[in-house]
Colleague: 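One structure is given below, represented as structure tokens, and several questions about it will come after.
We name chains A, B, ... by the order of the sequence lines, and we start the count at 1 in each one.
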Amino acid sequence: KAGVTQTPRYLIKTRGQQVTLSCSPISGHRSVSWYQQTPGQGLQFLFEYFSETQRNKGNFPGRFSGRQFSNSRSEMNVSTLELGDSALYLCASSRDGPYIEQFFGPGTRLTVL
Amino acid sequence: AQTVTQSQPEMSVQEAETVTLSCTYDTSESDYYLFWYKQPPSRQMILVIRQEAYKQQNATENRFSVNFQKAAKSFSLKISDSQLGDAAMYFCAYRRTPSTSGTYKYIFGTGTRLKVLA
């Protein structure tokens with residue numbers, strides 16, 4: 001079974017630009033969560049999508065948005081990029097219910113210059 | 001709000017020795033799940049071990065075991081017979097059980113970088 005895939009793996013953008021990251025979950029997984037990972041901050045939860053609906057949201061500004069498609073693939077968009085947005089963005093998928101492990105993708109390394 | 005604290009940013013252990021990584025959390029919930037995830041350098045994060053709060057018995061997975069102290073809200077990870085491949089960032093995570101609204105999320109600590117010395 002294929003794992004969680006994220007594209008692109010690396011991105012370099014400049015301040016003010018916008019970026020879209022993509023995540024394909026494991027087949028059969030309907031929940032997709034996004035995290036921002038930075039040194040010293042650990043993983044900060046961005047949002048979770050389930051069946052095309054945002055089910056949970058973290059404490060990030062409105063510049064960060066996402067969506068999920070009917071095939072459970074998810075995209076995350078960041079508009080008006082700031083230097084502080086430089087981070088590893090991780091996507092994780094899971095089935096729903098208790099005892100459920102999240103399966104992580106390799107991440108997208110975003111650098112904002 | 002729930003929080004997860006890992007007070008050791010970095011630890012070292014000699015190969016074949018035992019090391020314990022600390023994690024404390026804060027919650028008012030009585031039913032929840034705790035996890036340890038491992039993130040090797042430039043590799044994907046994987047689950048190491050998980051513990052259901054209602055279970056008193058500590059979880060064990062081969063060389064990995066936890067010391068779950070619910071009253072103290074402590075969840076430490078013990079790695080026995082450390083191997084070079086254990087070198088990674090380790091994250092402690094908390095997840096409440098689904099409420100009637102069905103919403104929940106994972107809360108991660110800031111991580112502990114484990115170095116294994118040959």
Colleague: If the contact rule is any heavy atom under 4.5 Å from chain B, which residues of residues 15-25 of chain A qualify, in numerical order?
Modeller: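 No residue falls under the 4.5 Å cut-off.
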Colleague: How close do Y32(B) and R96(B) get, counting heavy atoms only, and between which atoms?
Modeller: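 Heavy atoms of Y32(B) and R96(B) come nearest at CB-CA, 3.9 Å.
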Colleague: Provide the closest heavy-atom pair for V116(B) versus A87(B) in the form atom of the first, atom of the second, distance.
Modeller: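 Closest heavy-atom pair between V116(B) and A87(B): CG2-N, 3.8 Å.
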Colleague: Say whether N67(B) and Q69(B), considering side chains only, have a donor N or O and an acceptor N or O under 3.5 Å apart.
Modeller: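 Per modelled atom types, N67(B) and Q69(B) side chains form a pair under 3.5 Å.
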Colleague: Return the CZ to CG distance between F64(A) and N77(A), rounded to the nearest 0.5 Å.
Modeller: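 Separation between the atoms: 10.0 Å.
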Colleague: Between chain B and each of G58(A), G42(A), A92(A), P39(A), count heavy-atom pairs under 4.5 Å; write down the option with the most.
Modeller: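 The answer is G42(A).
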Colleague: Strictly by modelled atom types, are Q54(A) and Y49(A) linked by a side-chain donor-acceptor pair under 3.5 Å?
Modeller: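 Judged by distance alone, the side chains do pair up.
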Colleague: Taking every non-hydrogen pair under 4.5 Å, which of I107(B), V4(B), I46(B), L47(B) racks up the most with chain A?
Modeller: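 When all of I107(B), V4(B), I46(B), L47(B) are compared, L47(B) has the most.
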Colleague: For residues 103-113 of chain A, give me every residue with a non-hydrogen atom less than 4.5 Å from any non-hydrogen atom of chain B.
Modeller: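 Answer by number: F104(A), G105(A), P106(A).
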Colleague: Search all heavy atoms of V32(A) against all heavy atoms of C91(A) and return the closest pair with its distance.
Modeller: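 Heavy atoms of V32(A) and C91(A) come nearest at CG1-SG, 3.6 Å.
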Colleague: Is it the case that the ring center of F60(A) lies less than 6.0 angstrom away from the ring center of F45(A)?
Modeller: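 Aromatic pair excluded; centres sit 6.0 Å or further apart.
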Colleague: Around atom CG of N71(A), are there more than 12 heavy atoms of other residues, nucleotides or ligands at under 6.0 Å?
Modeller: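 Yes, the 6.0 Å shell around CG holds more than 12 heavy atoms from other groups.
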Colleague: Do you see a donor-acceptor pair shorter than 3.5 Å between the side chains of Y35(A) and Q102(A)?
Modeller: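 Yes.
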Colleague: I'd like to know if the side chain of Q39(B) pairs up with that of Q37(A) as donor and acceptor (distance under 3.5 Å, no hydrogens or angles considered).
Modeller: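 Checked: Q39(B)/Q37(A) side chains pair up, N/O donor to acceptor below 3.5 Å.
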